[in-house]
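Sequence lines set the chain letters: A, B, ... in the order given, protein chains first and strands last, and positions in each chain run from 1.
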Amino acid sequence: MVPRVRFAPSPTGYLHVGGARTALFNWLFARRHRGVFVLRIEDTDVERSSSDMVEGILDGLRWLGLDWDEGPKVDGPYGPYFQSERREHYRSTAERLVAQGSAYYCYCTAEELKAKREAAEQTSGGWKYDRTCCRLTADAVAERERTRLPRAIRVKVPDGPIRFDDLVHGAIEMDGANIEDFVILRSDGHPTYQLSVVVDDAEMKISHVVRGDDHISNTPKQILLYRAIGADAPQFAHVPLILGPDKKRLSKRHGATSVMEYSRQGFLPEAMVNFLALLGWSPGSAEVELYTRDELVRSFALEGIGGGNAVFNPDKLEWFNQQHIARLPPDELGVRVKPSLEAAGLWRDDYFTNRHAWFFAVLELLKPRAKRLGDFVSQGRYFFTDEVEYDRSAVDKHLGEDMAGHLHALDAAFAQLPTFEMTAIEEALRLTADARSVKAATLIHAVRVGVTGKTVSPGLFEVLALLGRDTVHRRLVAAVQLASPSRS
RNA sequence: GUCCCCAUCGUCCAGAGGCCCAGGACGUGGCCCUUUCAAGGCCAAAACACGGGUUCGAAUCCCGUUGGGGACGCCA
C-alpha cells in the first residue's frame, strides 16, 4: 500500500516557516516512499479564510518546489480538496453520529457557554462543557427541534484512556475524563476542524498524519471520531514546533515568518529547504549539513525527527544560502540573479545572449561574497553601469592628490598593453608602482576605489580584466579628476 | 488551574549502557592565505539542568524536582 500524506493549511494567513517545514516533511516522506502528497485547504472558517491566502500558500509551496499529487488544480480520486466544498460529507457524518448515539444536539448559546466558562475560571481555573444538553430527555429534544432552536452537535466523550503510538513521541495516553464533549458541527451547519479533519483524512485514505506538535492534544478527540465513524485511525507523527530566539512559538514578532518574504530577501528555495529539513530532523550520524533536495528525499525518515522544539536561527539560514548560491551552476545563477538586476534597472538582455560569457564570469567572481541574491547588485553594481557610486570616505582615504599622477601613469601603461588580461594588468601595475616608488598595495587601493567606488571588491586584477580596457580607462580618467586638488 | 510534550555547547543536531574527560554545523575568538572584503584551511573557547535510583559501568534506563513549550473555543 502506498503511503498517503497530506498538508492541510487553513488559508487564514500566508505560508509561514513552521507550516513550510510541516509541508516539507510530508513531501519528503511521500517522495521517499513513492507515496502520494495531498494538499487540502481547510477553509471551514468562512470568516477568516480568503482565496488570496490560498494563492499565497500555493505560491509558497511552489517556490519551495513542494509539488502535490492531489489538491487544488490537481484533480484526484478523493476530491474536492477544499473543505468548503465538502460540507455535506461533514453534516451527514455528524447527523449519523447523533443517530447512533455517539454525539448529541447542544442548544446552549455562545453567550451561555461564555458566561459559564468565565465563572468557572474565576474559581477553579479550568472548565469543561457540563453536558447540560446531553442530559435532555427525548421529549425535551423533540420540543426544541420542533421550534427549530439552533443547535450544535457535540461528541459524547467516554471516560477511560485513549492511547496512540506517535511516530516521534512514542506511546501517548490521555484520559477521556479530561476531554470535554467537543463540538463537531456548529449551529450554522459548518463543521469544526475536529470533524472535518477526520472525515477528510478518512475519506482521502490518509495513512500518515504528519503535523505540528500543537495537535497532540487534539489527537485523542480525533481517534474517538475515527472509532465513531468506523474507520481506522492513521499513523500519527507530531513534529515539534519552531521557536523564536526567545523560545516562544515563532510569530510575526520575530521578524520575517512568511516563506515568500525570504524569497523577496534573496534566499534560494534550495537553502530554505535544506535549512528547514535539518531543523528538528537529522539523517543520523553523517557529518554533512549541505543537502540537495534529492539527497534529502533519499535520506528522509520520520524516525529521525527529534522530540524537542527547535529555535529558528537566521544566521544559519544565511550560511546555507551562501553555500547554495556558491553551488549554483553559472547559467542557473544568472537566472536567479536576473530579477534583482531588473529591479535595480540594470538588466540587459544580451547578458543571456552575446555577453553571456562575460556575465557569467562576473557572477562567478562575485559569488563567494554573496549571501543573498541582492548582493550581486549591491556589491557589484559597477559591473553593470558606468554610473559609479563613489563611497565618499573611501575617496578621501585612498584618492589623495598624490594619487593623480600615479593613476595617470597607470592609465598610460594600460594603454600600452598588447592584451588587457589579468596577469598583464598585474604586471603593469606593479611595474608602475615600482617606477613611481609607491607601494603596489597603495596603488591597488586607489584603483579599486576609482574604478568600483568601493574599498571592497573581488581581486582587483580580475575586476579590471572583466571591466575591459575602455571602461577602466574612462574610470581612471575620472579617478584622476577625483584625486586632483582642483576638485574642491 | 487541568492535561500533554520536551530537556547534550549561545543555536541546530550526533550520541539508541562501556567506542564520550561527549562529535559535527552555525555563530564567536585567533592564526594562515592575501591588494581590500569574502571564500577556503587550521586552531580555540563552549554543553550532558538538578537530585535520587538501576548497573561492574549512565549523556544514554527508571523516579522525582526544576525549567521550557503546547493544548484546554460553535479557531485551525
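Per the geometry, CG belonging to Asn274(A) stands 17 Å off P belonging to rC12(B), to the nearest Å. Rounded to an integer number of Å, the gap from Phe182(A) CZ to rA76(B) P is 13 Å. One atom, CG of Asp201(A), and another, P of rA76(B), lie 15 Å apart when rounded to the nearest Å. The interatomic distance linking Glu173(A) (CD) with rC3(B) (C1') rounds to 12 Å, in whole Å. Ile223(A) has its CD1 atom 13 Å from the C1' atom of rC4(B), to the nearest Å. One atom, CD1 of Ile172(A), and another, C1' of rA71(B), lie 12 Å apart when rounded to the nearest Å. One atom, CD1 of Ile162(A), and another, C1' of rC4(B), lie 13 Å apart when rounded to the nearest Å. In this structure, Phe82(A) places its CZ atom 16 Å from C1' of rA76(B), rounding to the nearest Å.
Open room surrounds NE2 on His408(A); 12 or fewer heavy atoms of other groups in view lie less than 6.0 Å from it. Counted within 6.0 Å of NZ on Lys156(A), heavy atoms from surrounding residues, nucleotides or ligands total 12 or fewer; the atom is thus considered open.
A cation-pi arrangement is present between Arg151(A) and Tyr105(A) under the rule of less than 6.0 angstrom and at most 45 degrees off the ring axis. Taking the centre and axis of the six-membered ring of Tyr129(A), the NZ or CZ atom of Arg154(A) falls inside the cone set by 45° and 6.0 Å.
Look at the P atom in both rA46(B) and rC37(B): the space between them is 29 Å, to the nearest Å. Of the C1' atoms belonging to rA49(B) and rG67(B), the separation is 8 Å, rounded to the nearest Å. Using atom C1' as the reference point in both rC33(B) and rG24(B), the two lie 25 Å apart (nearest Å). One P atom belongs to rC48(B), the other to rC3(B), and the distance between them is 32 Å to the nearest Å. Separating the P atom of rU28(B) from that of rU34(B) is a span of 24 Å, rounded to the nearest Å. The gap from the C1' atom of rA7(B) to that of rU60(B) amounts to 13 Å, rounded to the nearest Å. Of the P atoms belonging to rC9(B) and rC50(B), the separation is 10 Å, rounded to the nearest Å. Nucleotides rC61(B) and rG15(B), compared at atom P, are 12 Å apart to the nearest Å.
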Using a cut-off of under 3.5 Å, enumerate the N/O to N/O pairs linking the protein to nucleotides 34-38 of chain B.
| residue | atom | partner | partner atom | Å |
| --- | --- | --- | --- | --- |
| rU35(B) | O2' | His445(A) | NE2 | 2.8 |
| rU35(B) | O2 | Arg448(A) | NH1 | 3.4 |
| rU35(B) | O2 | Arg448(A) | NH2 | 2.4 |
| rU35(B) | N3 | Leu460(A) | N | 3.3 |
| rU36(B) | O4' | His445(A) | NE2 | 3.4 |
| rU36(B) | O2' | Thr455(A) | O | 3.4 |
| rU36(B) | O2 | Thr455(A) | O | 3.3 |
| rU36(B) | O2 | Ser457(A) | N | 2.9 |
| rU36(B) | O2 | Ser457(A) | O | 3.3 |
| rU36(B) | N3 | Arg448(A) | NH2 | 3.3 |
| rU36(B) | N3 | Ser457(A) | O | 2.5 |
| rU36(B) | O4 | Ser457(A) | O | 3.4 |
| rU36(B) | O4 | Gly459(A) | N | 3.2 |
| rC37(B) | O2 | Arg369(A) | NH1 | 2.8 |
| rC37(B) | N3 | Arg369(A) | NH1 | 2.5 |
| rA38(B) | O2' | Pro368(A) | O | 3.0 |

Can you give me the N/O atom pairs linking the protein to nucleotides 72-74 of chain B at distances under 3.5 Å, or say none if there are none?
| residue | atom | partner | partner atom | Å |
| --- | --- | --- | --- | --- |
| rG73(B) | O5' | Glu180(A) | OE2 | 3.1 |
| rC74(B) | O2 | Ser187(A) | N | 2.9 |
| rC74(B) | O2 | Ser187(A) | OG | 2.9 |
| rC74(B) | N3 | Ser187(A) | OG | 3.1 |
| rC74(B) | N4 | Cys108(A) | O | 2.4 |

Might you list the N or O atoms of the protein lying below 3.5 Å from N or O atoms in nucleotides 7-9 of chain B, with each pair's distance?
none

Could you pull out the protein-nucleic contacts involving nucleotides 65-69 of chain B (nitrogen or oxygen on both sides, under 3.5 Å)?
| residue | atom | partner | partner atom | Å |
| --- | --- | --- | --- | --- |
| rG69(B) | OP1 | Lys248(A) | NZ | 2.3 |
| rG69(B) | O2' | Asn309(A) | ND2 | 2.8 |

Check: protein-nucleotides 40-45 of chain B nitrogen or oxygen pairs below 3.5 Å:
| residue | atom | partner | partner atom | Å |
| --- | --- | --- | --- | --- |
| rG40(B) | OP1 | Gln323(A) | NE2 | 3.3 |

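Taking a pair to require two hydrogen-bonding distances under 3.5 Å in either a Watson-Crick or a G-U wobble arrangement, rG64(B) pairs with rC50(B). Base-pair partner of rC56(B): rG18(B) (Watson-Crick or G-U wobble, both distances under 3.5 Å).
Of the residues near RNA chain B, Phe320(A) and Ser10(A), the one whose nearest nucleotide (by heavy atom distance) lies more toward the 5' end is Phe320(A).
For Asp214(A), the side-chain contact (heavy atoms from CB on, under 4.5 Å) partners two or more places apart in sequence, or in a different chain, are Leu241(A), Arg249(A).
Taking CG from Leu28(A) and CG from Leu302(A), the interatomic distance works out to 10.0 Å, rounded to the nearest 0.5 Å.
As judged by a 4.0 angstrom heavy-atom cut-off over every strand, Glu42(A) is placed among residues touching the sugar-phosphate backbone only.
Dashed line: the shortest gap from a side-chain N or O of His215(A) to OP1 or OP2 of rA71(B) is not under 4.0 Å.
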